[in-house]
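Okay, structure first, notes after.
What you see below is based on every heavy atom in this structure, not just the backbone, and it leaves out hydrogens, waters and symmetry mates.
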Amino acid sequence: QLQLVESGGGLVQPGGSVRLSCAASGFTLDTYAIGWFRQAPGKEREWVSYISSTASRTNYADSVKGRFTISRDNAKNTVYLQMNSLKPEDTAVYYCAAKTGTATMISTRYDYWGQGTQVTVSS
């Protein structure tokens, strides 16, 4: 069974950092582009970042550019999202998603999704 599992979320103070992980089981991630998305209460899901299968290309939403860093370790079958200088508006459930081919910010083009991990930024 193909699965993505996010981990690393939790409660963090404003200005703090957290690293999310997205681990795959049942398949290897090295041929998949990975996107991170988030959904805050009462809001639509929004794209955060993506990374190509070879890590040669990354991209970020303007709201997180300069604060978040996406990376991958194909040997560990895992993609990471390092989140620094967190703000209360970063509070959301964070999802990773996988697709073959070109990375994109369009959520409907992703084939596999994790269950999400909650990140709450609050003092």
Side-chain angles (χ1 to χ4, degrees):
Q1 187 176 0
L2 307 181
Q3 273 191 314
L4 293 173
V5 179
E6 302 95 338
S7 61
L11 176 64
V12 61
Q13 292 189 339
S17 298
V18 69
R19 188 177 78 161
L20 304 183
S21 298
C22 172
S25 63
F27 68 112
T28 55
L29 282 180
D30 57 359
T31 59
Y32 287 82
I34 302 296
W36 282 97
F37 296 81
R38 67 185 181 185
Q39 188 166 19
K43 295 188 176 180
E44 293 188 354
R45 187 174 298 186
E46 65 173 350
W47 168 73
V48 174
S49 179
Y50 64 60
I51 187 167
S52 62
S53 60
T54 61
S56 61
R57 192 163 68 97
T58 61
N59 200 5
Y60 301 90
D62 287 344
S63 58
V64 307
K65 199 170 293 183
R67 301 188 297 121
F68 291 10
T69 303
I70 192 170
S71 62
R72 66 191 301 154
D73 185 341
N74 286 342
K76 294 184 178 180
N77 221 25
T78 301
V79 173
Y80 305 98
L81 186 68
Q82 178 68 42
M83 305 162 61
N84 298 330
S85 302
L86 283 162
K87 305 175 181 180
E89 51 264 43
D90 294 318
T91 296
V93 178
Y94 284 74
Y95 301 87
C96 65
K99 68 179 297 294
T100 56
T102 304
T104 177
M105 63 182 70
I106 303 172
S107 62
T108 54
R109 296 186 178 175
Y110 284 83
D111 300 309
Y112 305 106
W113 288 81
Q115 83 291 346
T117 185
Q118 175 73 47
V119 174
T120 301
V121 184
S122 175
S123 55

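- With side-chain heavy atoms closer than 4.5 Å counting as contact, directly or through intermediates, the hydrophobic cluster containing Y94 also holds L2, L4, V12, V18, L20, F27, L29, Y32, I34, W36, V48, I51, Y60, V64, F68, I70, V79, L81, M83, L86, Y112, V119, V121.
- A side chain to side chain contact (heavy atoms under 4.5 Å, CB included) with W47 is found for one member of I106, N59, T104 and no other, namely N59.
- Screening residues 51-64 for salt bridge (Lys or Arg N to Asp or Glu O under 4.0 Å) gives D62-K65 as the qualifying pairs, with residues at least two apart or on separate chains.
- The CZ atom of R45 sits 11.0 Å away from atom OG1 of T108, with the distance rounded to the nearest 0.5 Å.
- S52 and S56 make their closest contact through OG-N, 3.1 Å (heavy atoms, listed as atom of the first residue, atom of the second, distance).
- Cation-pi check for R19 over Y80 is met; the charged atom lies under 6.0 angstrom from the ring centroid and within 45 degrees of its normal.
- Side-chain contact of N84 with S17: a donor-acceptor pair under 3.5 Å is present, judged by distance alone.
- The list of salt bridge (Lys or Arg N to Asp or Glu O under 4.0 Å) pairs with a residue in residues 72-88, not counting sequence neighbours, is empty.
- Shown here for S122 and P14, the closest heavy-atom pair between the two residues is C-CD, 3.6 Å.
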Check against side chain to side chain contact (heavy atoms under 4.5 Å, CB included), Y110 and Y50
CA-CA 11 Å; Y110 284 83; Y50 64 60; 3.8 Å; yes
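- Judged by distance alone, the side chain of N77 and the main-chain N or O of A24 form a donor-acceptor pair under 3.5 Å.
- Exactly one residue among E6, E44, E46 makes a salt bridge (charged side-chain N to carboxylate O under 4.0 Å, His left out) with R38. That residue is E46.
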